[in-house]
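To start, the structure under review is shown below, and the notes come after it.
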Number of protein chains: 2
Amino acid sequence: MAPRKLNSRASPKAIAPASSKVIAAEPSPSPAKRQHKADAKAAVPAKARPLTRIQREKQDIILEAALEVFSAHGFRGSTIDQIAEVAGMSKPNLLYYFPKKEEIHRRLMSELLVTWLAPLQEMRADGDPFVEIRSYIRRKLEMARDFPRQSRLFANEMLRGAPHIIDMIEVDLKALVDEKAQVLLTWMDEGKLARTDPYHLIFSIWATTQHYADFDVQVRAVLGKARGGEGRFEDAARYLEHLFLHGLTPKPRA
Amino acid sequence: MAPRKLNSRASPKAIAPASSKVIAAEPSPSPAKRQHKADAKAAVPAKARPLTRIQREKQDIILEAALEVFSAHGFRGSTIDQIAEVAGMSKPNLLYYFPKKEEIHRRLMSELLVTWLAPLQEMRADGDPFVEIRSYIRRKLEMARDFPRQSRLFANEMLRGAPHIIDMIEVDLKALVDEKAQVLLTWMDEGKLARTDPYHLIFSIWATTQHYADFDVQVRAVLGKARGGEGRFEDAARYLEHLFLHGLTPKPRA
DNA sequence: AAGATTTTTGACCAGTTGGAAAAATGTTAG
DNA sequence: CTAACATTTTTCCAACTGGTCAAAAATCTT
């Protein structure tokens, strides 16, 4: 069964392009931990060391393991021990790289947000409305297929009221959506798109696509063996395309 | 500001019609706990006591409190102490009614499933396709508005892979969806409905409606003060109706 | 190769949490 | 009213968890 293409099948691993600093802008006192009690050279701002090879490698391993564990059990449901085990190291060792459990989570979340905003950003105002919307849906669906763990991590955060990213949601995400809503509105004015609420339109794309990652068990269980296999994403793509473009009103008999 | 109606505004409390036994069919050794070591009257199946008034009341109070806490923090993120506090009793006292934390959760989940299946069950094969689908969407949206905690509890369970209700999903839910998919298919055959995948159609209704409960923070943040108020559900209803009935293809100029 | 630095480990600890036991207090049927 | 049963409170505990710390091992620098 050759994987009927939905589109490119991205590597299910990397969430961001290698050095995903994003917010690691913090002087990252990573393995530097708290400096010794009596600071030798007085008030020197603790020269931010450049991060060794091992540090970079191990941090990536830990973040990957944490994504695995957090996305499956939630923050409070996950233990450092679990993450350490998946990462193949001891708990104190892991704590050496991320002194706090929360710190791991924070890093994951900030990387996540960027990845999450990207697809919408790609929607071009100067493109064809249907092509743009269609591509956006595809991209989101591919993300649900290829990065289900990120999707679940995000969903989990939302369910909890987005405590860690609420401000980014209110500022960055809102700004982006406002901008794209404007684009949609323009298309509608030009008669290229049916006139509806652009915000809810975007919500419905989010909802329908993420559903295939977040509610995957349900989807597979309901579809059953026959249709719940690999092909379900293409079926979904086809269906969603139809829904958004034509709705459920039947074509007048030819 | 009078609540622009979406429909009836049900009482946000009760999740199931009073005596929601559902699965409480178990001889419920509730406060009877495990019987004493040396059972007096030998192998008598421990006469299932009829449940006192206090027992019924307290159990309801506990379940309500547990719903509040579990839906907000997840199973592992919630402590018995928290639930006990919300329920206004001491931890050991709560444990007297539900000897295990898991037991509370189990009860909540089985009640939940029934509530969750109900709206779809109401979709009548002998009704008008559009009326039926439209009503179904409204009902689901009302549930998202009036019972967001149940929705989040459900979403949480799904995210975790539905460990507690997977079999009900695979059997009962699947059977129900199979049945309704058949109904949809018939409508399509009769040309009353555009021909698409009935399963994914149902998924998309679930996804779009639940989104307003599960991702409520995001929805409100993105809509902003101006449009994120009470009216958002009616806007959503209007939009979804349009989406499902007409899609995004603009009407040919009149 | 020695010294400096970074990484890893094992032992340990304090706070939290689910839950047990038993004593104390309430409720109610006869 | 009172015995039998239901409910509640107090006390306690063992497992788990996030995190610490000093010393050992590995790695890097010169």
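Quick note on labels: first sequence line is chain A, next is B, and so on, each numbered from 1. A quick note: this is a predicted structure, and the numbers were derived from the prediction, not measured.
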What pairs of donor and acceptor atoms, side-chain ones from residues 160-173 of chain B against any protein atom, are under 3.5 angstrom apart with sequence neighbours left out?
residue : atom : partner : partner atom : Å
B:R160  : NE   : A:A72   : O            : 3.2
B:R160  : NH1  : B:N156  : OD1          : 3.2
B:R160  : NH2  : A:N156  : OD1          : 2.9
B:H164  : ND1  : B:E157  : OE1          : 3.2
B:H164  : ND1  : B:E157  : OE2          : 3.2

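As rounded to whole Å, 15 Å separates atom C1' of C:dG18 from atom CD of B:E103. In this structure, the CZ atom of A:F98 is 13 Å from the P atom of C:dT7, given to the nearest Å. Whole-Å rounding puts the B:E102 CD to C:dT17 P distance at 18 Å. Taking atom CG of A:L95 as the reference point, atom P of D:dT20 lies 7 Å away to the nearest angstrom. Between A:R56 atom CZ and C:dT6 atom P the separation is 14 Å, expressed in whole Å. Rounded to whole Å, the distance from CD on B:E57 to C1' on C:dT27 is 13 Å. A straight line from OH of A:Y97 to P of D:dG19 spans 18 Å, rounded to a whole angstrom. Note: CG (A:L94) to C1' (D:dT17) measures 14 Å, nearest angstrom.
Ion pairing between A:R56 and A:D60 fails under the 4.0 Å rule for side-chain N and carboxylate O. Ion pairing between a basic and an acidic side chain is recognised when a charged N comes within 4.0 Å of a carboxylate O; B:R149 and B:E64 show such pairing. A salt bridge does not link B:R139 to B:D146: none of the charged nitrogens lies less than 4.0 Å from a carboxylate oxygen. Between A:E142 and A:R145, none of the side-chain N atoms (NZ, or NE/NH1/NH2) sits under 4.0 Å from a carboxylate O, so this pair counts as no salt bridge.
Donor-acceptor pairing under 3.5 Å is recorded for the side chains of B:W116 and B:Q210.
Closest contact between the side chain of B:K101 and the listed nucleotides D:dG19, C:dT8, C:dG18 involves C:dG18. In this structure, the nucleotide among C:dT7, D:dT20, D:dT7 sitting nearest to the side chain of B:K58 is D:dT7. For B:K100, the side-chain atoms get nearest to C:dG19 when compared with the rest of D:dG19, D:dT8, C:dG19. Comparing C:dG18, D:dT17, D:dG19 against the side chain of A:T79 picks out D:dT17 as the nearest.
At D:dT17, one or more side-chain N or O atoms of B:R76 fall inside 4.0 Å of OP1 or OP2 (strictly under the cut-off). For the pair B:Y96 and D:dT9, the criterion of a side-chain N or O lying under 4.0 Å from OP1 or OP2 is not met. Note on B:N93: a side-chain N or O is less than 4.0 Å away from OP1 or OP2 of D:dT9.
Contact detail for B:A213 and B:R152: the closest heavy-atom pair is O-NH2, 3.2 Å.
Taking five base pairs at each end of the helix from C:dA1-D:dT30 to C:dG30-D:dC1 and finding the rotation axis that steps the C1' atoms of four pairs onto the next four gives two axes whose angle is 20°, to the nearest 10°.
Here B:Y212 and A:H200 bring their ring centres to under 6.0 angstrom of each other.
Of the residues in residues 80-92 of chain B, those lying under 4.0 Å from DNA chain C by heavy-atom distance are B:I80, B:K91, B:P92.
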Would you sort out whether A:F147 and A:F154 count as a side-chain contact (heavy atoms from CB on, under 4.5 Å), showing the intermediate values? CA-CA 11 Å; A:F147 307 107; A:F154 188 77; over 6 Å; no

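Aromatic ring orientation, B:H105 versus B:F70: perpendicular (interplanar angle above 60°, classes split at 30° and 60°).
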